[in-house]
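Input: a single structure, listed below in structure tokens.
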Amino acid sequence: MTELPKSYDFHDYEEKIYRDWESKGYFKPWNDPNKLGFDPTIQPFVIVMPPPNITGALHLGHALFVAMEDLIIRYHRMKGEPTLWVPGTDHAGIATQLQVEKQLAKEGLAKADLGREAFEQRVWQWKEQYGSQITQQIRQLGASCDWERERFTLDPGLSRAVREAFVRLYEKGLIYRGPRMINWSPGLMTAVSDLEVEYSEEPGTLYYFKYMLADGSGEYIPVATTRPETILGDTAVAVHPEDPRYQKLVGKQVVVPIIGRAIPVIADDYVEREFGTGALKITPGHDPHDYEIGQRHNLPLINILNKDATLNENAGPYAGLDRFEARKKLWEDMRAQGLVIKEESYMLNVPRSMRGGEIIEPLVSTQWFVKMDSLAQKAKTAVEAGEIIFVPERFTKIFYNWMDNIQDWCISRQLWWGHRIPVWYCQDCGETIVARETPTHCPKCGSSRLEQDPDVLDTWFSSGLWPFSVFGWPDETSDYKYFYPTSVMETGYDIIFFWVARMIMDALEFTGKAPFHTVYLHGIIRDENGEKMSKTKGNVIDPLELMDAMGTDALRFTLLVGSTPGNDMNVSAKKVEANRNFTNKVWNIGRFVISAIDRAGEKPTTEPISTLSDSWIWARMKQVVNNVNDLFENYQFGEAGRQIYEFLWNDFADWYIEISKRQLAQGGSRAYFTAFGLARVLDTMLRLLHPYTPFVTEALWSYLKESCIAAGLPTEPRSGWEEALIVAKWPDRYAMDNWDEEFIKDFSLIQEIVRGIRNIRSEYKIAPARKLGAVLVSENLQILLESQKLVLCDLAGLEEEDTLIYTRKPDDLEGMVSLVVNEVEVFLNIVGRGDDEAERARLEKELQELESQISRLEALLAGPFAQKAPAKIVDAEREKLEGYRVSTQKIREQLSQ
RNA sequence: GGGUGGUUAGCUCAGUUGGUUAGAGCGUUGCGUUGACAUCGCAAAGGUCGUAGGUUCGAGUCCUAUACCACCCACCA
């Protein structure tokens, strides 16, 4: 006998259940290449977890992907596939370095005080201390991943993979080093990639000024700029070749304000004649377009910025000033010299660093780059060939678009935390050595004076290798051979370019295989008003708090059911609360079922004929199982969850359990088989629900199992109880029989009658406890009604002895309240009901509604619909019309009495 | 400038081969402790599915145009 507490207290179960799962090894694939009896022919199901940053405290975005992946993993595990989910964390170069620098700052230290080695050590310390926090929180979410295979992007093995990848790309000529225009982050003091720059619209100024001709004629070319300080780096002024205003000036020299350098006027058709003054100052050192123009015209390139965005010695009198100070000062000086024409307010698109938020400066710098076009084309081809599909599909186009316009990727970062670039420079002969392992001497001159490139690689360089580096690549390990390529990549659409695209390119390049066959993309989580959550807005919802207050299952269910693939999702505590109620509902369904089983008694020798209710709930359950299977195969987890929820609450709890109470009270074989039926439905539904709410289902299922065994209930068609729900068999599709539909149809009629009677009771304010007498009349359904009399009485509050069922209307119905459901007439004996007028009005209203439906259907069936629509659809409408007609006629009769 | 998503009940959202009275949760209103559940039950109110055209026997669902919101890509000084 199991007595469960009245409400589900998740605190009692979550931690314990998780520990139990893990200790029993359920998170590990049952078919493992490192174990005896391994069968390589069985296809595994594999997900590699998008590694969260070690800096991260768990946020709802993590909670969403963990819940989603865990759902997919649990589903496949229950289907019996060897299932592996590889967890891990990312070293997150910039983010982590900043975090540690912040910590140092509190001690009054800068990283330079420590020096590189000590600083790196400090970061490792930090990682030891805080890096496990996030994985601990992921456990709390119920993630059933194989923690023995946990990886970190800076692990020795994965670092080796990074060097291997770098060297291979270099040897193929796909990695090169050179001066290029890059995005420089003065705050972070490093180069960043194009993807790490965000543009924000901000009000600013367009400055108009004079570029005086060098010939002293006093003539000038008017030029406009948004960044006056870059004037100091100008090496030409460009005009459109066919611009009549300036044509004659092409080839002449003009003078750079203040510093007096003479530069040429050139012609280039990049210049738009209509924009600004039609003349463009060219700063090849600090503008991507100017850089290209400079290349075309062989212009010199002047860098005016230091790494911290102060001006350097090329800025003459402004050297040492911050870029914005210099802008102000220079403009004042130019005004004093009469070079200023005007200022105009102007909407700027300011490039800002995604991380630090400060303004990015484009400048020319020597960095390492990956040549992308050939990699991208290969990736695109693979997707076109269907080797990888995106869910939802629309992201395929976005993917192609990026691949077609891809730029080379700047991969070097001027940071200390990350994968050091595996390149050494000979201090004697200047040779560049690119190697997998640290070289001892220069292969060219033999010198041992080698210095490694000080830079590290973009964090995403190692992330791109993740799907295979976690399995030991470049070694052909047994894990790599069995588990790679993986199955599904589940992640947010916001990192398609950063990560998904690069994984695909890298995998094809290095392993020759697509790294996964499906990319499932989820959306971004927002607050209840659709705004992005941010600390400054103060609208951040902490998943840990939610879990603590409402339970992990409630949070998971909310995230899983509230989202549609690829769409953003608004989350509020209210929603989680609603699902907390659902977990409690499930708990109480279990509580009821288990107590029924405990009282089931001895197995009787004969099995009674199933009631309509029994057949109905079973048929409905089969429908749900089949739907859920279909939906899962199409990644429609939200809809599947909703159907499970609806079935459990609205069909099973609200109707069937209520009905079962009477069946249980009847005792004997009826009670026994009712309990058995309850157990079977609950067992099946817990299986379906488990991937969503693993804890409450696991807890309940073990009680259910215990009770069933104690009661000696059979488990067929299964041969016995599994060890635990997490490894229990997933419900396969059922074959639906045509009588299933009949059960559902018949039962719906009973439901409609019950609802109709309840409705009237409510209208007439009849106390729920008060039983009513009733007369039911139906020519054709009398047998069905008779068989369901008890159900009707129980659910609609009718007095059993005063409830009569006829095929013909008796005469003594005077003064009873009536209603019509299809061809069934119901007369309720309501003493002390309202006046006849009100009753008349009610019937007339109903009649009106029916008549409008009838005329609608008559018109429909008289039109071309009858000829053109499929016969099945037309017949259904005809049948409906017939039903309405019968009902109308009955109401008319009642009105005429 | 190019592209994507959204616009459905007071609020937050479902609605995948177009099928004919459009669904849920929350909120609202009225009743209520029958052998699990007040984290509950019963009943009810509430929507011309952004707008305008079109295709079709039939459109929330497909096509065209358009408005507004959000986002992505590109970045004309």
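Naming convention: chains lettered A, B, ... in sequence-line order (proteins, then strands); numbering from 1 in each chain.
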### Query
What is the nucleic acid contact for A:P288, judged by heavy atoms within less than 4.0 Å: base, sugar-phosphate only, or nothing?
nothing

### Task
Can you tell me, in whole Å, how much space there is between the C1' of B:C11 and that of B:G58?
33 Å

### Task
Sticking with atom P, work out how far B:G10 lies from B:U28, rounded to a whole angstrom.
15 Å

### Query
Any side-chain N or O of A:W402 less than 4.0 Å from the OP1 or OP2 oxygen of B:A74?
no

### Task
Whole angstrom is fine here: how far is it from CZ in A:R526 over to P in B:C69?
15 Å

### Task
Quick one: label A:N349 by what it contacts on the DNA or RNA (base, sugar-phosphate, nothing), any heavy atom closer than 4.0 Å.
base

### Task
For the pair A:Y656 and A:F652, name the ring-plane relationship: parallel under 30°, tilted 30 to 60°, perpendicular over 60°.
parallel

### Task
For the pair A:R327 and A:E229, find out whether any cationic side-chain nitrogen is under 4.0 Å from an anionic carboxylate oxygen.
yes

Result block: side-chain N/O donor-acceptor pairs under 3.5 angstrom for residues 495-502 of chain A, not counting sequence neighbours:
from   : atom 1 : to     : atom 2 : distance (Å)
A:W499 : NE1    : A:S463 : O      : 2.9
A:R502 : NH1    : A:F498 : O      : 3.1

### Query
Touch check for A:Y645, heavy atoms < 4.0 angstrom, all strands: base, sugar-phosphate only, or nothing?
sugar-phosphate

### Query
Can you check the A:E201 CD to B:A74 C1' distance for me, whole Å?
14 Å

#### Entry: Shortest side-chain distance from A:T225, nucleotide among B:A77, B:G19, B:C26
B:A77

### Query
Between B:G18 and B:A44, how far is it from one C1' atom to the other, in whole Å?
33 Å

### Query
So, A:D243 side chain and A:V239 main chain: donor-acceptor pair closer than 3.5 Å or not?
no

### Query
Looking at A:N581, does any N or O in its side chain come under 4.0 Å of the phosphate oxygens OP1/OP2 on B:C37?
no

### Query
If you measure from the C1' atom in B:G32 to the same atom in B:C37, how many Å do you get, rounded?
15 Å

All N/O donor-acceptor pairs, side-chain side in residues 863-881 of chain A, below 3.5 Å, sequence neighbours left out:
from   : atom 1 : to     : atom 2 : distance (Å)
A:E877 : OE2    : A:K880 : NZ     : 3.4

### Query
With a 4.0 Å cut-off on heavy atoms, is A:Y346 in touch with a base, just the backbone sugar-phosphate, or nothing at all?
sugar-phosphate

### Task
Scan A:R227 against the nucleic acid and name what it touches under 4.0 Å (heavy atoms): base, sugar-phosphate only, or nothing.
nothing

### Query
So does A:R591 get a side-chain nitrogen or oxygen closer than 4.0 Å to the phosphate oxygens (OP1/OP2) of B:C37?
yes

### Distance flag, aromatic centroids of A:Y211 and A:F209, threshold under 6.0 Å
yes

### Summary
Looking only at B:A43, B:C37, B:C57, the nucleotide nearest the A:N759 side chain is B:A43

### Message
Any base atoms under 4.0 Å from A:A767, or only sugar-phosphate, or nothing? Heavy atoms, all strands.
### Response
nothing

### Message
Ring centroids only, cut at 6.0 angstrom: are A:W587 and A:Y13 within range, meaning strictly under it?
### Response
yes

### Nearest-angstrom distance, C1' atom, B:C62 to B:C57
16 Å

### Query
Which nucleotide, B:G35, B:G41, B:G5, lies nearest any side-chain atom of A:D654?
B:G41

### Task
For B:C71 and B:U55, measure between their C1' atoms and round to the nearest Å.
31 Å

### Query
For the pair made of CD1 in A:I221 and C1' in B:A77, what is the distance, rounded to whole Å?
14 Å

### Query
Is any side-chain nitrogen or oxygen of A:K585 closer than 4.0 Å to OP1 or OP2 of B:C37?
no

### Task
Just call it for A:E639: base, sugar-phosphate, or nothing, with non-hydrogen atoms closer than 4.0 Å on any strand.
sugar-phosphate

### Query
Which ranges of RNA chain B pair up as stems, where a stem means three or more consecutive Watson-Crick or G-U pairs with both distances under 3.5 Å?
B:1-7 with B:67-73, B:10-13 with B:23-26, B:28-32 with B:40-44, B:50-54 with B:62-66

### Task
Among the candidates B:C76, B:C37, B:A43, find the nucleotide nearest to the side-chain atoms of A:N584.
B:C37

### Task
Please tell me which of the listed nucleotides, B:C26, B:A77, B:C73, lies nearest to the side chain of A:A578?
B:C26

### Message
For A:Y493 and A:H522, I'd like to know if the aromatic rings sit close, meaning centre-to-centre distance below 6.0 Å.
### Response
no

### Task
For A:D290, report the nucleic acid contact type (base, sugar-phosphate, nothing); a contact means any heavy atom under 4.0 Å.
nothing

#### Entry: Distance between P atoms of B:C31 and B:G23 (Å, rounded)
28 Å

### Message
Strictly below 4.0 Å: does A:K574 bring a side-chain N or O up to OP1 or OP2 of B:U12?
### Response
no

### Task
Give one of base, sugar-phosphate or nothing for A:T277, where a contact means two heavy atoms less than 4.0 Å apart.
nothing

## Note on the structure
Winner on side-chain proximity to A:R758, out of B:A77, B:C72, B:A43, is B:A43

### Query
What about A:K661, does its side chain sit under 3.5 Å from the base of B:A36 through a donor-acceptor pair?
yes

### Message
Any base atoms under 4.0 Å from A:K872, or only sugar-phosphate, or nothing? Heavy atoms, all strands.
### Response
nothing

### A:R758 to A:W655, cation-pi by 6.0 Å centre distance and 45° axis angle
yes

#### Entry: B:G41 to B:G53 separation - P atoms, rounded to the nearest Å
45 Å

